[in-house]
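For reference, the structure is listed below as structure tokens.
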Number of protein chains: 2
Amino acid sequence: MRTERLPTLEDVARVAGVSRATVSRVINGIRNVDPQLHEVVWDAVGRTGYVPNRLARSLVTRRTGTVALVVSDSESHDDDPFMGRFFADPYFGRVVGGLMSVLRAQGIQLALQIVGSDDVRKRLVGDLRNGQADGAIVLSLPPVDPLPRMLTEGGVPAVLIGRPAEPVPIDYVDLANDTGAALAAQHLLSRGRQRIGMISGPADVPASSDRIAGFRRELARHGHGWVPTETGNFTRDSGETAMRALLAAVPDLDGVFVANDLMALGALAALRESARQVPSDVAVVGFDDSSAAVAASPALTTIRHPLEDMAAEAARLLLARIEDPAMRVSSVIYEPALVERDSA
Amino acid sequence: MRTERLPTLEDVARVAGVSRATVSRVINGIRNVDPQLHEVVWDAVGRTGYVPNRLARSLVTRRTGTVALVVSDSESHDDDPFMGRFFADPYFGRVVGGLMSVLRAQGIQLALQIVGSDDVRKRLVGDLRNGQADGAIVLSLPPVDPLPRMLTEGGVPAVLIGRPAEPVPIDYVDLANDTGAALAAQHLLSRGRQRIGMISGPADVPASSDRIAGFRRELARHGHGWVPTETGNFTRDSGETAMRALLAAVPDLDGVFVANDLMALGALAALRESARQVPSDVAVVGFDDSSAAVAASPALTTIRHPLEDMAAEAARLLLARIEDPAMRVSSVIYEPALVERDSA
DNA sequence: TAACACTCGGAAAGCGCTCTCCAACCCCGA
DNA sequence: TCGGGGTTGGAGAGCGCTTTCCGAGTGTTA
């Protein structure tokens, strides 16, 4: 059945008794077509069961109705389990959900691309320049990624989710990570905590360093010039390890800010293991307000990250840039909010 | 910059001093080309920075190097929040991760498509027949979905994740949901539970009805002919509501099987609210072994669902079918396993 | 040396569509 | 009745690539 030829514009034209050009005009809703013919053509389309071939159309219009979602990750290789973790993390799904909420309405599809090596990166940019997709949304994982620059230099419409580590003239949406961390600091202070520590993410990732900076700055403003810190890598287990280390270093710790909910989960486990009560002995504030925050026990007080909205805005930004490539480069920063639950 | 014409095969040919045909042969690694010319051509490719245009290539080869991931969902409309929930659920991410683990190695990209209305469904099948993608992986949400049939009738290579509700000659991978539920029953019984209930999913979804049937059958084999059951819709909140209802109906309940982890989370909350201890008063077994299971407290004893493996197998199956459309229709059923944690 | 079988590279015909020209036609005023 | 302006539809040239078909060149055998 795959072999039976599908009807083409030519076939429709023959059935309708007009030329290919006319059918094309009718289908694309271009005026200058006699209403009578109009009807005849649509009738022929119905009778033949014609569906335009998007590929052929794209080849000439240079528009594909596709946006690439690029997950850039220099470290992992082909079947690195890291990618599995990444996809299982709600982060990925929330981004996709946010993107689709605006793309779907426009009938635009999302093509998922993972780039590991520089080779793949180069090919991707080449494909995009060739019009494989109309633009790209980039989730840049590595601390410093050449991809954003490659894209702008290639003239490919692209929007980053999360600010680039080094300045690149590219559109992006981001969260005011520093403000969020400051919120966490204020909350901990307002709860009367005195010995406050932090479990941070990798220092070279912008989102992470912003949280560190914001937290430290706010505490410093209240006389805490020194914040004991342990570094994790955003996984649950690293949070558990970091918490143990932090407790060993500061046994009388009474408050901690953990840079994401997943690590907070691990921290909670370490705290339980050390027989400390949360929040009475140690107050814990997470970050992201992911589904893990609600599932945790006690439920996590955390910083809400409107990821879906951010992704949706990224999609809108991209669409606008595709429409007008000369548009001024812009960025949209979202404000986080504290969500108070039981852990602090 | 978008305007500057990219080098085409023609340009490379001119630089190399050969014909387009020869360049094409070299690039596609077809023999019959003098090694000398071979080198000259590659050199020209390098000098011009040529990247083949996939669109143009696909148009003639009828191969796109793209697989569609179709999320079929008849109920929700354009910005139905349901889709947001769906994407945020780890289920989606795990599937994507599993698929990508095999597709990525082949350099195949995944194009995400959501189909809500029958109109979209029709257009999608048309596009697929036109070679928009080489095949489709289908995540069929509604109880009875016309899509699988439409795809097979259209001769589109497709693989379902989760068996079709009504028999359709289509490849699929699925989990032995009934066996999994039976495992849960055995575990509860082995823990000496006597008054065992169940919180099920919607009865018209195959995965759900299989779990109900498997659980009831196993309990019946051990003399429990009647299993008090409440129905949820796989969300956390519905699990909480169902648990309350179940407790009201069977106050001395001492064991419960909840058809997925998310609902189990809700059930745990309801149990806590009613001051019952888990697992001493009521033992709880979930289903899926999602990340929620570990985050819960107490950590959930649950049924492991090798979703990543299943998705990977679906991808392999699809690739095989694309290669040989005449291949016999096949299905792969995975066996679940009990993961014992603290809740039962 | 002639006849034959091969190997290799080029010309050109598409894949299915859009869109620019251009010819044909209509209506109007002079 | 004729010429000018405005519509409308068709012919055909691509978009960038693959692939068939052929002719030219090479080496081998009688």
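All chains are named by letter (A, B, ...) in the order of the sequence lines, taking the proteins before the strands, and each is independently numbered beginning at 1.
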Along DNA chain C (nearest heavy atom to each residue), the more 5'-positioned of B/Val60 and B/Val18: B/Val18
Sugar-phosphate only, base, or nothing, as touched by B/Ser24 at under 4.0 Å among non-hydrogen atoms: base
Interatomic distance where CZ belongs to B/Arg54 and P belongs to D/dT18 [whole Å]: 12 Å
Gap between atoms CD1 and P, on B/Ile27 and D/dT18 respectively (whole Å): 7 Å
Value in whole Å for how far the P atom of C/dC15 lies from CZ of B/Arg63: 19 Å
Nearest to side-chain heavy atoms of A/Arg25, which nucleotide of D/dG9, C/dA11, D/dC17: D/dG9
Reference residue A/Tyr50; test side-chain contact (heavy atoms from CB on, under 4.5 Å); the match among A/Asp11, A/Leu6, A/Ile27: A/Ile27
Sugar-phosphate only, base, or nothing, as touched by B/Leu37 at under 4.0 Å among non-hydrogen atoms: sugar-phosphate
Residues B/Ser72 and B/Arg121: side-chain donor-acceptor under 3.5 angstrom: yes
CD/B/Glu39: more than 12 non-hydrogen atoms of other groups inside 6.0 Å: no
Under 3.5 Å donor-acceptor pair, A/Arg20 side-chain atoms to C/dT18 base atoms: yes
B/Arg62 vs B/Gly17, nearer the 5' end of DNA chain C by closest nucleotide: B/Gly17
Distance below 4.0 Å between A/Thr8 side-chain N/O and C/dG16 OP1 or OP2: no
Straight-line distance of B/Asn130 CG to B/Arg123 CZ, nearest 0.5 Å: 12.5 Å
Contact under 4.0 Å: A/Asn28 side-chain N or O vs C/dT18 OP1/OP2: yes
Distance in angstrom units between A/Leu9 CG and D/dA11 C1', rounded: 14 Å
Rounded interatomic separation in angstrom, taking CG from B/Leu59 and P from C/dA13: 18 Å
Pairs flagged by side chain to side chain donor-acceptor pair (under 3.5 Å) wherever residues 318-331 of chain A is involved - sequence neighbours left out: A/Asp171-A/Arg321
B/Tyr50 OH to D/dG16 P, straight-line distance once rounded to whole Å: 10 Å
A/Glu39 CD to D/dT8 P, straight-line distance once rounded to whole Å: 17 Å
Listed nucleotide nearest any side-chain atom of A/Thr22, set D/dG9, C/dC17, D/dC21: D/dG9
Spacing between B/Asn53 atom CG and C/dC15 atom C1', to the nearest angstrom: 13 Å
